[in-house]
Amino acid sequence: LKGVHVNSDAYTIKPSQALLVEMMELREQISDSSEDGRKLLKLVSDIRKSADESVDAIAEAIAANDLQHAAQCTIRLHYLGKAAEEAHMY
């Protein structure tokens, strides 16, 4: 990310508190939906949409040279990928 490293112990850009809360809530929704196939499919669809939005936000932030925001969006995209993997395990 233009020389900016994210989500690493050696660098200062970490996930925001709001992002961590969002991902905790998402994982709870996945867990709560594990018994309901339709609900889980809807959630996976929502995760994919959020991932697409994050990709767009990364491009916009880089174009605006807002590397902090681009880094947060990159971290969010990573976490969304993990959430999608978790949802597919059910």
Side-chain angles (χ1 to χ4, degrees):
L1 196 59
K2 289 190 176 183
V4 176
H5 298 274
V6 295
N7 211 19
S8 169
D9 291 336
Y11 299 94
T12 59
I13 299 175
K14 303 284 186 204
S16 70
Q17 201 65 21
L19 177 58
L20 294 174
V21 168
E22 176 189 359
M23 291 302 121
M24 285 176 40
E25 290 173 352
L26 178 58
R27 293 185 79 170
E28 185 175 317
Q29 288 177 343
I30 291 168
S31 178
D32 291 347
S33 300
S34 64
E35 302 290 321
D36 185 342
R38 287 184 190 183
K39 201 173 184 181
L40 195 57
L41 284 174
K42 169 74 168 102
L43 195 52
V44 168
S45 175
D46 291 346
I47 291 169
R48 287 185 181 140
K49 182 179 176 189
S50 293
D52 289 343
E53 291 169 355
S54 290
V55 169
D56 292 342
I58 292 166
E60 291 171 11
I62 289 173
N65 205 30
D66 184 353
L67 300 183
Q68 291 290 330
H69 184 65
Q72 289 301 314
C73 292
T74 301
I75 294 168
R76 182 174 188 261
L77 183 60
H78 173 75
Y79 286 158
L80 287 169
K82 287 190 172 280
E85 287 176 16
E86 182 179 337
H88 280 100
M89 290 176 22
Y90 289 107

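Only this structure's heavy atoms are used, side chains among them; waters, hydrogens and symmetry mates stay out.
- Applying the side-chain contact (heavy atoms from CB on, under 4.5 Å) test to S34 and every residue at least two apart in sequence or in another chain returns Y90.
- Atoms SG and CG, on C73 and L67 in that order, are 11.5 Å from each other to the nearest 0.5 Å.
- Taken from OG in S31 to CG in L40, the straight-line distance is 10.5 Å, to the nearest 0.5 Å.
- Between K14 and I75, the shortest heavy-atom contact is C-CD1, 3.9 Å.
- The backbone N or O of G81 lies less than 3.5 Å from no partner atom in the side chain of E86, so there is not a single donor-acceptor pair.
- The distance from the CE atom of M24 to the OH atom of Y79 is 12.0 Å, given to the nearest 0.5 Å.
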Applying side chain to side chain contact (heavy atoms under 4.5 Å, CB included), run through I30 and I47 and close with a yes or a no.
CA-CA 10 Å; I30 291 168; I47 291 169; 4.1 Å; yes

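- How far CD of Q68 is from CD1 of I13: 4.5 Å, rounded to the nearest 0.5 Å.
- One distance of note links CG of L77 with CD1 of I58; it measures 5.0 Å at 0.5 Å rounding.
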Candidate pair L26 and Q29, rule side chain to side chain contact (heavy atoms under 4.5 Å, CB included), full reasoning
CA-CA 5 Å; L26 178 58; Q29 288 177 343; 3.8 Å; yes

Yes or no on side chain to side chain contact (heavy atoms under 4.5 Å, CB included) for E22 and R76, after CA distance, side-chain angles and deciding distance?
CA-CA 9 Å; E22 176 189 359; R76 182 174 188 261; 2.7 Å; yes

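- Without hydrogens or angle criteria, S33 side chain to D36 main chain gives no donor-acceptor distance under 3.5 Å.
- Here the CD atom belonging to E60 is positioned 6.5 Å from the CG atom belonging to D56, to the nearest 0.5 angstrom.
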Please assess R48 against L80 for the test side chain to side chain contact (heavy atoms under 4.5 Å, CB included), listing each intermediate value before the final yes or no.
CA-CA 8 Å; R48 287 185 181 140; L80 287 169; over 6 Å; no

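- A salt bridge links D46 with K42: at least one charged nitrogen is closer than 4.0 Å to a carboxylate oxygen.
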